[in-house]
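In what follows, chains carry the letters A, B, and so on, assigned in the order in which the sequence lines appear, proteins first and then strands, with residues in each chain numbered from 1. The structure presented is a predicted model; accordingly, all values stated were derived computationally and were not measured. Because only heavy atoms are used, hydrogens play no part in the values below, and waters and symmetry mates are left out as well, while side chains stay in.
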2 protein chains.
Amino acid sequence: MTKLLKRLPVLPIERAIRTISGRWKAVILYHLLDGPKRLSELNRLVPSVTQKVLVQQLREMEAHGLVSREVFRQVPPRVDYSATPLGLSLEPVMLALCDWGQRHAEALDEVDAIADCIVRPVNT
Amino acid sequence: MTKLLKRLPVLPIERAIRTISGRWKAVILYHLLDGPKRLSELNRLVPSVTQKVLVQQLREMEAHGLVSREVFRQVPPRVDYSATPLGLSLEPVMLALCDWGQRHAEALDEVDAIADCIVRPVNT
DNA sequence: TCCCATACGCACCAAAAGGTAAGCATGACC
DNA sequence: GGTCATGCTTACCTTTTGGTGCGTATGGGA
């Protein structure tokens with residue numbers, strides 16, 4: 001675990017960017033915003049990510065306090081990953097990033113392949 | 001220039017993160033928020049960045065539409081880099097990231113070495 | 001016994017990223 | 001001629017990142 005805990009930058013913006021900028025991290029966190037997920041679930045939700053990188057990124061987000069990991073004593077093995085309150089507090093930031101990303105695509109005339117910005121399902 | 005223009009992700013949030021997550025990019029953009037800067041100026045403002053990486057990141061931000069570059073016909077050579085309107089539109093997002101970064105440092109008890117979040121000087 | 005689902009870990013590798021240490025070009029000035 | 005300031009460019013290198021392709025462990029069920 002200490003191997004994972006790379007020192008974060010001193011500058012707050014660099015720090016924030018560092019915590020969410022690894023491959024698949026934003027996607028992973030997006031899926032954890034609406035509840036705990038098992039590794040296998042996340043793998044099914046994000047088919048293109050390799051298990052190795054998925055575990056790696058989850059472990060890193062855990063080390064940075066965005067994600068918590070709960071191990072159940074059962075077989076088959078069960079481990080739930082959840083967004084921590086700190087991780088959840090990233091939602092508006094992620095939304096801002098997403099809105100801007102869409103704006104950026106429009107500005108560069110690349111709207112053809114741009115996706116939506118629903119970060120968390122609307123609770124009814 | 002085509003060598004620099006790496007395809008941006010389809011997902012808006014990944015796209016946004018990709019445009020600002022390179023080394024020194026946030027710092028560079030921060031300095032451009034309050035007006036055009038020459039390469040040498042930026043180098044003095046951010047002494048730790050190497051010229052090679054500075055140029056590289058500026059060129060990439062230019063390719064992504066965040067930064068514009070104006071070449072003057074003079075000697076010594078003069079090139080001004082400015083934040084584009086699109087680049088300027090990142091300011092609130094950067095502020096959100098910065099606020100969150102500070103919050104993150106507090107949450108992890110690492111407030112000792114955290115910096116401020118003044119993104120652009122207050123116009124009086 | 002085998003197969004299943006789950007959650008990892010490891011060895012290896014290619015590509016990407018960032019950095020060091022040069023070099024070149026320009027015109028102006030001495 | 002040399003020096004200056006500026007803005008690059010290049011070669012080389014190290015480190016980091018993300019991926020491929022295995023392997024291991026657990027208990028339950030057939």
Side-chain angles (χ1 to χ4, degrees), chain A residues 1-9 11 14 17-28 31-32 36-64 67-82, chain B residues 1-9 11 14 17-28 31-32 36-64 67-82:
Chain A
M1 185 64 80
T2 51
K3 194 188 289 187
L4 270 181
L5 194 55
K6 188 163 166 96
R7 180 161 232 101
L8 290 165
L11 204 60
E14 285 189 331
I17 289 166
R18 176 69 184 79
T19 62
I20 59 174
S21 66
R23 186 86 170 100
W24 306 112
K25 277 193 181 173
V27 180
I28 293 167
H31 285 295
L32 293 182
K37 299 281 186 295
R38 304 173 69 166
L39 196 71
S40 49
E41 265 187 284
L42 287 169
N43 238 330
R44 279 190 289 270
L45 289 167
V46 194
S48 303
V49 67
T50 64
Q51 201 180 25
K52 180 243 184 180
V53 171
L54 181 57
V55 169
Q56 196 169 283
Q57 304 296 45
L58 282 164
R59 288 302 183 95
E60 198 169 296
M61 284 193 278
E62 185 192 2
H64 289 154
V67 165
S68 63
R69 179 170 168 274
E70 185 178 3
V71 184
F72 296 76
R73 299 185 68 88
Q74 72 169 56
V75 168
R78 174 178 176 181
V79 179
D80 276 6
Y81 290 90
S82 311
Chain B
M1 186 62 77
T2 51
K3 194 189 289 188
L4 272 182
L5 194 55
K6 189 166 167 91
R7 184 162 229 100
L8 289 167
L11 203 59
E14 285 189 332
I17 290 167
R18 175 69 185 79
T19 62
I20 59 173
S21 65
R23 186 88 168 100
W24 305 113
K25 278 192 182 175
V27 179
I28 294 167
H31 285 295
L32 293 182
K37 300 281 185 295
R38 304 173 69 165
L39 196 71
S40 48
E41 266 187 283
L42 287 168
N43 238 328
R44 280 189 291 270
L45 289 167
V46 195
S48 305
V49 67
T50 64
Q51 201 181 24
K52 181 246 186 177
V53 171
L54 181 56
V55 168
Q56 197 171 283
Q57 303 296 46
L58 282 165
R59 287 304 182 96
E60 199 170 299
M61 283 192 280
E62 185 192 1
H64 289 153
V67 166
S68 64
R69 178 169 168 275
E70 185 179 3
V71 183
F72 296 76
R73 300 185 67 86
Q74 72 169 58
V75 168
R78 174 177 176 182
V79 179
D80 277 6
Y81 291 90
S82 311

remark   = Correct closest heavy-atom pair for B/Y81 and B/R59 would be OH-NE, 4.1 Å

message = Classify B/F72 by what it touches in the nucleic acid, base, sugar-phosphate, or nothing, heavy-atom distance under 4.0 Å.
response = nothing

ask   = Can you find a side chain N or O atom of B/S40 that sits less than 4.0 Å from OP1 or OP2 on D/dG7?
value = yes

ask   = Rounded to the nearest 0.5 Å, what separation is found between the CD1 atom of B/I20 and the NE2 atom of B/H64?
value = 12.0 Å

note = In short, B/I17 meets A/A26 closest at the heavy-atom pair CD1-CB, 4.1 Å

ask   = Distance check: side-chain N/O of B/R69 vs OP1/OP2 of D/dC8, anything under 4.0 Å?
value = yes

ask   = Rounding to a whole Å, what distance do you find between B/E14:CD and D/dG18:C1'?
value = 13 Å

key: Gap between atom CZ of A/R38 and atom CG of A/L42 - 0.5 Å precision   = 11.0 Å

inquiry  = So, OP1 or OP2 of D/dT6: does either fall under 4.0 Å of a side-chain N or O from B/R38?
reply    = no

query = Once you round it to whole Å, what is the distance between C1' of D/dT16 and CD of A/Q56?
reply = 10 Å

key: Residue pair A/T19 / A/K25: nearest heavy atoms and the distance that separates them   = O-CD, 3.4 Å

task = Mind listing the closest non-hydrogen atom pair of A/I28 and A/L54 along with its distance?
result = CD1-CD1, 3.5 Å

message = Under 4.0 Å from OP1 or OP2 of C/dC8: is there any side-chain N or O of A/Y81 that close?
response = yes

query = Quick one: B/I28 CD1 to C/dG18 C1', roughly how many Å, whole number?
reply = 12 Å

request  = Nearest whole angstrom, please: distance from the P of C/dC8 to the CG of A/N43.
outcome  = 11 Å

remark   = Atom NZ of B/K37 and atom C1' of D/dT6 are separated, to the nearest Å, by 18 Å

query = Between C/dA16 atom P and B/Q57 atom CD, what is the distance in whole Å?
reply = 15 Å

query = Along nucleotides 21-30 of chain D, 5' to 3', which nucleotides get a B, which get an S, and which get a -, given that the test is a protein heavy-atom distance under 4.0 Å?
reply = -----BB---

query = So, is B/R59 near the phosphate of D/dC8, with a side-chain N or O under 4.0 Å from OP1 or OP2?
reply = yes

ask   = Which distance, rounded to the nearest 0.5 Å, do you find between the CH2 of A/W24 and the CG of B/L11?
value = 9.5 Å

task = Check every strand shown and say whether A/E41 touches a base, only sugar-phosphate, or nothing at a heavy-atom separation below 4.0 Å.
result = nothing

inquiry  = Of the options C/dT20, D/dG19, D/dC8, whose atoms approach the side-chain atoms of B/L39 most closely?
reply    = D/dC8

remark   = Considering only heavy side-chain atoms of A/R23, the closest of D/dC8, D/dG18, C/dG19 is D/dG18

inquiry  = Using a heavy-atom cut-off of 4.0 Å across all strands, would you classify A/R73 as base, sugar-phosphate, or nothing?
reply    = nothing

request  = Return the minimal non-hydrogen interatomic distance between B/E14 and B/P9, and the atom names on each side.
outcome  = CB-CB, 3.6 Å

note = Axis-to-axis angle for the helix from C/dT1-D/dA30 to C/dC30-D/dG1, ends of five pairs each, to 10°, equals 30°

ask   = In whole angstroms, how far is the P atom of D/dT6 from the CG atom of B/D80?
value = 13 Å

query = In whole angstroms, how far is the P atom of D/dG7 from the CG atom of B/L54?
reply = 10 Å

key: Qualifying residue for salt bridge (Lys or Arg N to Asp or Glu O under 4.0 Å) with B/E60, from B/R18, B/R69, B/R23   = B/R18

query = A/D80 and A/P36: which non-hydrogen atoms are nearest, and at how many Å?
reply = OD2-CB, 4.2 Å

